[in-house]
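For reference, the structure is listed below as structure tokens.
Every chain is numbered from 1 and lettered A, B, ... according to where its sequence line falls, protein lines coming before strand lines. This structure is a prediction, so every number in the text was calculated from the model and none was measured.
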Protein chains: 2
Amino acid sequence: MLSHTEENYLKALFHLTSEITGKSEAGTNELATTLNVKPATANDMLKKLKEKKLISYEKYGKTSLTATGKKQAIQIIRKHRLWETFLYEKLEFTWDEVHEVAEQLEHIQSSKLIEKLEKFLNYPEVDPHGDSIPNANGEMKTRARKTLTQVPVGKTCKLVTVKDGSASFLQYVMKVGLGLSSKIKVVTRQDFDGTMEIEVDGKKSSVSQKFADNLYVV
Amino acid sequence: MLSHTEENYLKALFHLTSEITGKSEAGTNELATTLNVKPATANDMLKKLKEKKLISYEKYGKTSLTATGKKQAIQIIRKHRLWETFLYEKLEFTWDEVHEVAEQLEHIQSSKLIEKLEKFLNYPEVDPHGDSIPNANGEMKTRARKTLTQVPVGKTCKLVTVKDGSASFLQYVMKVGLGLSSKIKVVTRQDFDGTMEIEVDGKKSSVSQKFADNLYVV
DNA sequence: TCAATTTGTTAGATTAACATAACTTTATAT
DNA sequence: ATATAAAGTTATGTTAATCTAACAAATTGA
């Protein structure tokens with residue numbers, strides 16, 4: 001049985017070494033920063049997690065999760081995302097409120113609880129941020145999050161979430177007629193600077209690449 | 001902000017000094033026993049809680065909650081009971097499974113969460129064990145509780161809750177075919193030792209007085 | 001009433017998770 | 001190539017929550 005703190009280290013390591021970041025190892029300082037602790041503290045924990053065979057770590061080297069460690073990390077992420085889905089869908093939390101509470105709920109120890117919760121939510125595959133939810137075996141549809149920038153001309157996609165959640169950006173998004181689950185058709189794209197023409201509910205708009213990079217779609 | 005441990009002490013003190021137990025103070029050893037710690041450990045915590053003005057405590061004396069401490073304890077109990085209701089009603093947990101998981105969930109810190117959960121459950125007044133759920137202001141309907149022992153022969157009553165909530169007792173209760181809201185008919189009672197014959201869903205069982213004393217009914 | 005039992009307290013250790021300060025190793029930049 | 005910066009480590013200390021062992025106070029029962 002892992003402590004809350006140990007679980008948080010595994011989760012942080014998983015995120016720091018995912019496909020999205022592109023890296024397969026993380027540094028001690030980097031890890032300490034993401035967990036808001038001092039490097040010395042992280043160093044202590046790395047030794048402990050190595051002892052438990054959850055990470056590969058050598059003095060002055062980079063750290064990565066072992067197969068076992070990764071498995072455990074995925075289970076925590078599974079719980080986190082299921083709770084986020086619960087908060088969003090059943091308790092009327094907004095997308096920006098779910099994370100903080102899910103950070104606490106993910107540490108509740110009860111396999112029955114998480115299985116029943118998953119069933120109650122009707123086996124969702126994606127959380128409110130559009131991240132896919134691993135199943136009980138840790139298998140995860142790697143629908144790696146895609147931004148609007150990656151959608152080919154002529155195709156239509158659905159808005160899942162935004163990367164930058166600032167009020168100013170959200171207002172801009174709404175001005176273009178977009179909301180959660182909006183269908184977006186990519187009409188044209190300039191090779192020069194990535195500026196795109198998109199169509200939402202029959203309404204055409206021109207948006208910059210920076211804008212498109214901030215929209216996650218499926 | 002209280003630690004999980006501090007919250008558990010307040011909760012234990014509340015239960016040890018409730019109307020049901022009849023007492024208004026608790027001893028150090030008694031408290032230690034219910035929390036599964038050594039008296040020395042409880043003693044340290046009592047000093048700390050006194051410092052925080054959550055309990056009244058004097059060296060070699062008995063302990064009781066202050067108004068502030070009681071208020072906090074009730075909020076924890078409110079959370080516990082709402083989570084139990086959620087597990088029972090929404091996640092298909094059985095009667096005897098809810099407590100253990102609720103012990104963990106009750107420590108989640110988020111007033112929004114508990115308000116939304118209460119709304120989602122449609123403002124329940126009673127948890128799956130029949131204990132009333134305090135509202136956001138800490139107000140609680142104190143229903144006069146009657147035990148099965150007090151029901152006259154020939155009468156039928158409804159099971160509301162149990163006095164001893166241990167898993168082993170709850171399993172025994174279920175074995176007799178009893179569940180929340182079960183109708184119980186008292187068929188016979190021996191004057192000698194109080195042993196009763198009862199009927200639940202047409203099924204007859206013989207139960208001891210001790211057993212009957214543990215069942216609250218209306 | 002006073003010796004025995006129960007109850008409560010103190011002192012001193014331990015463990016997990018953090019910190020600071022001083023140090024060592026590795027990376028980098030001209 | 002090597003001085004400097006960045007990254008990582010070690011030693012030491014703190015706090016919260018636990019323990020054991022020894023001691024002190026309060027209760028009780030003959």
Side-chain angles (χ1 to χ4, degrees), chain A residues 1-13 15-17 21-65 69 72-73 76 103-104 106-109, chain B residues 1-13 16-17 21 23-65 69 72-73 76 103-104 106-109:
Chain A
M1 181 82 65
L2 300 174
S3 69
H4 288 200
T5 310
E6 289 169 329
E7 290 195 343
N8 284 335
Y9 275 80
L10 293 185
K11 189 162 58 104
L13 278 168
H15 287 310
L16 287 173
T17 61
T21 65
K23 295 184 299 175
S24 68
E25 306 174 302
T28 306
N29 287 5
E30 190 186 3
L31 183 60
T33 305
T34 64
L35 289 164
N36 283 307
V37 298
K38 300 298 163 192
T41 305
N43 189 257
D44 283 350
M45 184 57 90
L46 289 179
K47 288 176 187 166
K48 191 169 161 193
L49 293 175
K50 186 194 173 173
E51 200 56 40
K52 293 193 174 187
K53 306 225 160 98
L54 296 167
I55 62 170
S56 311
Y57 162 75
E58 294 304 331
K59 219 201 251 203
Y60 294 110
K62 300 283 183 186
T63 302
S64 61
L65 291 166
Q72 307 249 353
I76 301 156
E103 287 282 302
Q104 296 181 62
E106 71 190 4
H107 299 297
I108 304 290
Q109 303 288 168
Chain B
M1 182 82 67
L2 300 174
S3 69
H4 288 198
T5 310
E6 288 169 329
E7 289 194 345
N8 285 334
Y9 276 81
L10 293 185
K11 190 162 57 103
L13 279 168
L16 287 173
T17 62
T21 64
K23 294 185 301 175
S24 67
E25 305 174 304
T28 305
N29 287 5
E30 191 185 4
L31 183 59
T33 304
T34 64
L35 288 166
N36 284 306
V37 297
K38 299 297 161 192
T41 306
N43 189 258
D44 283 350
M45 184 56 91
L46 289 178
K47 288 176 187 166
K48 191 169 161 193
L49 292 174
K50 186 196 174 173
E51 199 57 41
K52 293 194 176 189
K53 306 225 160 93
L54 296 167
I55 61 170
S56 311
Y57 162 76
E58 295 303 333
K59 218 189 257 234
Y60 293 108
K62 301 282 183 187
T63 302
S64 62
L65 291 166
Q72 306 250 353
I76 301 157
E103 286 281 304
Q104 297 181 61
E106 72 191 3
H107 299 296
I108 303 289
Q109 302 288 170

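- When rounded to the nearest whole Å, the span between CD of A:Glu7 and P of C:dA17 equals 11 Å.
- With respect to A:Glu7, the side chain to side chain contact (heavy atoms under 4.5 Å, CB included) criterion is satisfied by exactly one of A:Gln72, A:His107, A:Met1: A:His107.
- Counting any heavy atom pair closer than 4.0 Å across all strands shown, B:Thr5 reaches sugar-phosphate atoms only and no base atom.
- The side chain of B:Lys38 sits closest to D:dC19 out of C:dA17, D:dC19, D:dT18.
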>> Strictly under 4.0 angstrom, non-hydrogen atoms only: write out the protein contact profile of nucleotides 2-13 of chain D, one letter per nucleotide from the 5' end, B, S or -.
In response: -----BBBB---
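- Straight-line distance from the CG atom of A:Leu35 to the C1' atom of C:dA19: 15 Å, rounded to whole Å.
- Here B:Ala32 pairs with B:Val37, B:Pro39, B:Ala42 under the side-chain contact (heavy atoms from CB on, under 4.5 Å) rule; sequence neighbours left out.
- The NE2 atom of A:His4 sits 15 Å away from the C1' atom of D:dA16 (whole-angstrom rounding).
- As rounded to whole Å, 9 Å separates atom P of C:dA16 from atom CE of A:Met45.
- Scored by the side-chain contact (heavy atoms from CB on, under 4.5 Å) test, B:Gln104 finds A:Ile108, A:Gln109 as partners (sequence neighbours excluded).
- Atom NZ in A:Lys52 sits roughly 10 Å away from atom C1' in C:dA16 (whole-Å rounding).
- As rounded to whole Å, 15 Å separates atom P of C:dT26 from atom CD of A:Glu25.
- Residue pairs meeting the side chain to side chain donor-acceptor pair (under 3.5 Å) criterion with at least one member in residues 26-41 of chain B, sequence neighbours excluded, are B:Lys23-B:Glu30.
- Within the 4.0 Å cut-off from OP1 or OP2 of C:dA16, not a single side-chain nitrogen or oxygen of A:Ser3 is found.
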Can you give me every donor-acceptor pair (side chain of residues 54-62 of chain B, partner residue at least two apart or in another chain, under 3.5 Å) with its distance?
residue, atom, partner, partner atom, Å
B:Tyr57, OH, B:Asn43, ND2, 3.2
B:Glu58, OE1, B:Lys50, NZ, 3.4
B:Glu58, OE2, B:Lys50, NZ, 3.2

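- Rounded to whole Å, atom C1' of C:dG8 lies 14 Å from atom CD1 of B:Ile55.
- Considering only residues two or more places apart in sequence or on other chains, A:Glu51 meets the side-chain hydrogen bond (donor to acceptor under 3.5 Å, both in side chains) condition with none of them.
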